[in-house]
Number of protein chains: 2
Amino acid sequence: MVGRVARAATTTDAFNAVAEPRRRQILDVLAAGERSVTDLVAALDLAQPQVSKHLRVLHEVGLVAVREDGRRRLYRLEGRGLKPIHDWVAGFARHWEDRFGALDAVLEELTGETDGNDHEG
Amino acid sequence: MVGRVARAATTTDAFNAVAEPRRRQILDVLAAGERSVTDLVAALDLAQPQVSKHLRVLHEVGLVAVREDGRRRLYRLEGRGLKPIHDWVAGFARHWEDRFGALDAVLEELTGETDGNDHEG
DNA sequence: CAACCATATTCCGATATGGGAATACGTCAA
DNA sequence: TTGACGTATTCCCATATCGGAATATGGTTG
C-alpha cells in the first residue's frame, strides 16, 4: 500500500480534469459566465450530485472558482488553469499546420532528424 | 448491466490519451522524430511493456503512426490528432490573456454579467 | 534450425473513478 | 421553528486503468 498508484488521480492536474467530457461541458457553459449548480444541472442534463462532484474536481485543480450567494454557489471559470494545456499542445502546432509541415519536412531532410538512429538510407 | 460506465475509456479520445503524463512524454520525444520502442524505453526510463501499452493507446487514438523496419517498429508523431484539444483550449484563451481580460471585464460591466443570467453579448 | 533481439500481449493486483441513491448540511421563507 | 430549497458528501458498485512480471510472437543472424 505504498507507492502503488494504479492511475493518476483525476484531481491531479488540468489535463486529467479536462479528460472527462462532462467537465469539459461544464467549462464550456461557465465560459459564458457565472452559473449556479442548479443552472449547470439544467444545462447539462446531469444529476446534481454528479455536477457537484465534477465541480469539486475542477475547483481542486483550479479550473473554477466559487462565490457564495445566499444558499447558492456561483461557479465561474478560472481560465488560467487551462494555459498549461494550451502551452503544451501549442508546441505541437507545427505538426499539423501545413505551412509548418512543409518547413519541417525540409528541416528533417537537412538535419537527418527523422531517425537519430541511422536506419536504412 | 450494459450502460454502466465507470470511467471514460482512456482509449476513447485524445483528451484521455494525453491525460496520462507518460504518454505526453512519449509524444514529446516523438516530436523530435521517429523512434523505436527501445529508443523510447531508454528515453523514458519506463519498462518496455508499459511503453508498448502506451503506444497502443496513442495509436488507437490516432496520435502516433507506426512503420515497420525489420524487427523494429518505428513510431512517429501524428500531430493532427492533437488539434481537437488545441481548438478546444484555444476557445478559452481570452480567459487568461490579459489583453482580452480587460475587454472581458468591460463586456461584463456592460452586460450585467454579475447577475448570472444574462451573459455574453 | 537454434539462439537472440524487438515488441506485443496476457495475467495479476491495487486503486480510484464515475454514476446512482440516500443523506447531511446550510440558508431562506412563513 | 418548521419546512422547502440548494448544494455537498457518503456509500455502493461495476469498471478500467496502470505498472509489474511472465510469456507470446516475429524477425534476424549464424
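The chains referred to below are lettered A, B, ... by the order of the sequence lines, with proteins before strands, and numbering in each begins at 1.
When the ring pair (Phe, Tyr, Trp, His ring centres under 6.0 Å) test is applied to F15(A), the partners found at least two apart in sequence or on another chain are W88(A).
In this structure, the CD atom of E34(B) is 16 Å from the C1' atom of dT7(C), given to the nearest Å. Per the geometry, CZ belonging to R56(B) stands 16 Å off C1' belonging to dG19(D), to the nearest Å. Atom pair N16(A):CG and dA16(D):C1' shows a separation of 14 Å (rounding to whole Å applied). Here the C1' atom of nucleotide dG19(D) and the CG atom of L55(B) are 15 Å apart, to the nearest Å. Atom CZ in R35(A) sits about 17 Å away from atom C1' in dG6(D), given to the nearest Å. Atom pair D13(B):CG and dA16(D):P shows a separation of 15 Å (rounding to whole Å applied). Spacing between atom NE2 of H59(A) and atom P of dT7(D) amounts to 15 Å, rounded to whole angstrom units. With rounding to whole Å, L46(B) atom CG is found 14 Å from dA21(D) atom C1'.
With D39(A) contributing its side chain and S36(A) its backbone, the two residues share a donor-acceptor pair below 3.5 Å. Using modelled atom types, no side-chain atom of R67(A) and backbone atom of L74(A) make a donor-acceptor pair closer than 3.5 Å.
Side-chain N/O atoms of H54(B) include one lying less than 4.0 angstrom from OP1 or OP2 on dG19(D). Close to dG6(D), at under 4.0 Å from its OP1 or OP2, lies no side-chain N or O of Y75(A). Contact check, R72(B) against dC5(C): no side-chain N or O comes under 4.0 Å of OP1 or OP2.
Of the options H54(A), E60(A), H59(A), a side-chain hydrogen bond (donor to acceptor under 3.5 Å, both in side chains) to R56(A) is made by E60(A) and by none of the others.
Contact between L27(B) and F92(A) at its shortest, heavy atoms only, is O-CE2, 3.6 Å.
Taking CG from L30(B) and OH from Y75(B), the interatomic distance works out to 10.0 Å, rounded to the nearest 0.5 Å.
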| field | Base-contact (B) and sugar-phosphate-only (S) positions in nucleotides 21-30 of chain C, heavy-atom cut-off under 4.0 Å, - elsewhere | value | BB----BB--
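No more than 12 heavy-atom neighbours from other residues, nucleotides or ligands sit within 6.0 angstrom of CZ on R80(B).
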